[in-house]
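One structure is given below, encoded as structure tokens.
First the proteins, then the strands, lettered A, B, ... as listed; each starts at 1. These numbers come from the heavy atoms of this one structure, side chains and all, not from hydrogens, waters or symmetry mates.
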Number of protein chains: 2
Amino acid sequence: MATMHDVARLARVSVSTVSYVLTGTRPISQATRDKVLAAMAELDYQPNAMARGLASRRSRIVGLLMPMDERGLGATETAFVTGAAAAASAAGYHLVLSPVGVGDVDDLRRLASQRMLDGAVLMEVQVSDARVGALQEAGVPLVLIGRTGDTSDLSYVDIDFDQTVREAVAHLVGLGHRRIVYVNHSAATIEAGYGPAVRTREAFVAAMAGHGLEPLMIPAEDSAAGGRAALAAALARTPDLTAVLVMNESAIFGILGELTTRGLRVPDDVSVVSMVTSPQVAELATPALTAMTSPGSALGRMAVEALLRHLEGAGEQHQQLLPCALEIRGSTGPASTAPAGTDDLTDHIPAARTGRHRIDPTGSGPPGT
Amino acid sequence: MATMHDVARLARVSVSTVSYVLTGTRPISQATRDKVLAAMAELDYQPNAMARGLASRRSRIVGLLMPMDERGLGATETAFVTGAAAAASAAGYHLVLSPVGVGDVDDLRRLASQRMLDGAVLMEVQVSDARVGALQEAGVPLVLIGRTGDTSDLSYVDIDFDQTVREAVAHLVGLGHRRIVYVNHSAATIEAGYGPAVRTREAFVAAMAGHGLEPLMIPAEDSAAGGRAALAAALARTPDLTAVLVMNESAIFGILGELTTRGLRVPDDVSVVSMVTSPQVAELATPALTAMTSPGSALGRMAVEALLRHLEGAGEQHQQLLPCALEIRGSTGPASTAPAGTDDLTDHIPAARTGRHRIDPTGSGPPGT
DNA sequence: ATGAAAGCGCTAACAG
DNA sequence: CTGTTAGCGCTTTCAT
């Protein structure tokens, strides 16, 4: 493996000159530059990353930090990762993937102190996240995907939940739906202050209010079974619902299954919009789901790009929201029943629909809280 | 940030002593070790990764190399990544994620020459993969997830397709199925020599022969539409099929949709087994899919562990196959019709089933080739 | 515009 | 068992 010394000798210049043509931090005459470049090519020279990192105190490595629990990554998180990896790679940086859960602050501190990372992108951020402080104290430049509660002097990229919910609701209202139920994450997740769950809840209330409609909401465990239960509870409470807006990617197929089980057709009887969903997942359903497609890889890319901008000196704070894009597929259509509050409702209820159970929902809090 | 020098001074020993208590490469008296450890704790010392890497010529970084094309990672690939990341992290190594497609051999050579990686795990391996040679020439220790055609002097972990297919077929045969259709990846993918497609095809022929059954096979494009088309073609050719074995994770939902469209119930009329599928995806279907669950994160973990064993000196070649685990869910049941070849078949065909089209399959090669 | 030389923080001979 | 010292390959003053 050729070293910079070898290149210098072959080109009959000093090592520093070679270094400078590489880094471009001082003017080099065209003649010498050519000589050096030729020597590099001849020797197939590649700078040693460790040596460069030690001397320059910049590793050209950025970390992608995320908790990696049992259930693995969803499609959206995976897109963050691939987007980030692509962006880092394109900029000549390396991306190290580090499993750092919210509880592993000590590990994180250790990682940060090794001076291996020039900066970090933090995923799956909680409203109150100890990892942020740890990184900041360690002096590691940081960009979040998601947001903590207090975002002053923090850089982040996140989904524009407000705008996303507004568009989804507008789409359904435009189709004549008025009894729209919002299926969120679990009550526990909302309690815990999980940003997407909290923000979409508020956005939904606001959006519905904007149309003069009542915000019907129900939590769901992150599973197919949770989806089934949530839909059952929603129907029990709101028998005349004509549309469901689903935030819970894990529950969506349970919801669809339960609809089918009850003989409710999508979209004829009930329209379904899935929020923050990848196109791949949306296409799995039959009919394919109308969805608010999350800008997953774009967020990953932008997070890394913002971070690199930090590292390159332009230390501006970067706070950016990206809405999910409405992609209309087959799961939404015109409302099948008359608006809620009227009494000619039964005329429009399909046969199978009369079989609905009217049991109380279990394990789920009251809507709207 | 404290350096080793600071620790040495505080502990009143030489830097080399500090270094040796850290690396353990030479005996240290308990007394000195304690002094040093105390000093480290006091100063909150963490070794500088770059300096250590430069001096020792070992970065403690391993690469996870994979092509990152448009459609993103599937659940199985994602599991490789998380498994690998967890294993690396547990062993005190860092994992850099590098997007290196089959065509990017130059990028790969450059990456390898930077001496940043102690070794690499290569994903999405093709039968003939230029990246393998490039890495070997660069002297980068390597473990594959998957296999090339010639595996002599290569280390790899891969799915045991033979065993997996055998178990899946045995499960179906045990339920009385005899007309079983195997839905593979696309003809083009098979032509290209994509290992999983080729190996499962051969395994299916062998497994069916072992039961004295005819191996019915059909390719499918990697999409829901491809799945629908494949099922239609399969029914056209084999109207009395009672089970489908699906290798194509992207097509599976199309197949299920098409079955539903035709009024064929799962598992009453047709049993479905999905191969090399993650539990998460299997749970998405209604009913949940009986599946051969891929040992995704285990493979990722084992690949990294094998690689690290290489790096730590035990340079044994590691070749290991792991079968997918049969997880019986709701999509398989007893065969609904009499064995193929008998004529009392029509008695058992459900009403909706008579509507099958008998058109020729289009865009799909003959089965069994 | 170029060179010489002093580190960056650590490992690993080489010497006791 | 411990200390001294020469690098690892590069960046970056300080000179010229």
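Taking the nucleotide of DNA chain C with the nearest heavy atom to each of B:A55 and B:R26, the more 5' of the two is matched to B:A55. Both B:V15 and B:L54 sit near DNA chain D, but only B:V15 has its closest nucleotide nearer the 5' end.
Taking 4.0 angstrom as the limit, A:Y45 places a side-chain polar atom (N or O) nearer than this to OP1 or OP2 of D:dC10. Listed pair A:T25 / D:dT11 fails the phosphate criterion, with no side-chain N or O lying under 4.0 Å from OP1 or OP2. Considering only side-chain N and O atoms, A:S56 lies nowhere under 4.0 angstrom from the phosphate OP1 or OP2 of D:dT11. OP1 or OP2 of D:dG3 has at least one side-chain nitrogen or oxygen of B:S14 nearer than 4.0 Å. Contact check, B:T3 against C:dC8: no side-chain N or O comes under 4.0 Å of OP1 or OP2. At C:dG9, none of the side-chain N or O atoms of B:R52 fall inside 4.0 Å of OP1 or OP2 (strictly under the cut-off). Remark: B:S19 is in phosphate contact with C:dT11, judged by side-chain N or O atoms under 4.0 Å from OP1 or OP2.
Among the nucleotides C:dA1, D:dC10, D:dC1, the one closest to the side chain of A:M4 is D:dC10. The side chain of B:R57 lies closest to D:dC8, out of C:dA1, C:dC10, D:dC8.
Atom NZ of B:K35 and atom C1' of D:dG3 are 12 Å apart (whole Å). Protein atom OH of A:Y20 is 16 Å distant from nucleotide atom P of D:dT16, rounded to whole Å.
Across all strands, A:S16 comes closer than 4.0 Å to base atoms (heavy-atom distances). Looking at heavy-atom distances under 4.0 Å, B:V18 makes no contact with the nucleic acid at all. Across all strands, A:I28 comes closer than 4.0 Å only to sugar-phosphate atoms, never to a base (heavy-atom distances).
For the side chain to side chain contact (heavy atoms under 4.5 Å, CB included) with A:M66, the qualifying choice from A:V100, A:V81, A:L122 is A:V81, the only one to do so.
The CZ atom of B:R52 sits 5.0 Å away from atom CG of B:L22, with the distance rounded to the nearest 0.5 Å.
Counting heavy-atom neighbours within 6.0 Å of A:R58 CZ, excluding the residue itself, gives a total above 12.
Between the side chain of A:T17 and the base of C:dT2, no donor-acceptor pair under 3.5 Å is found.
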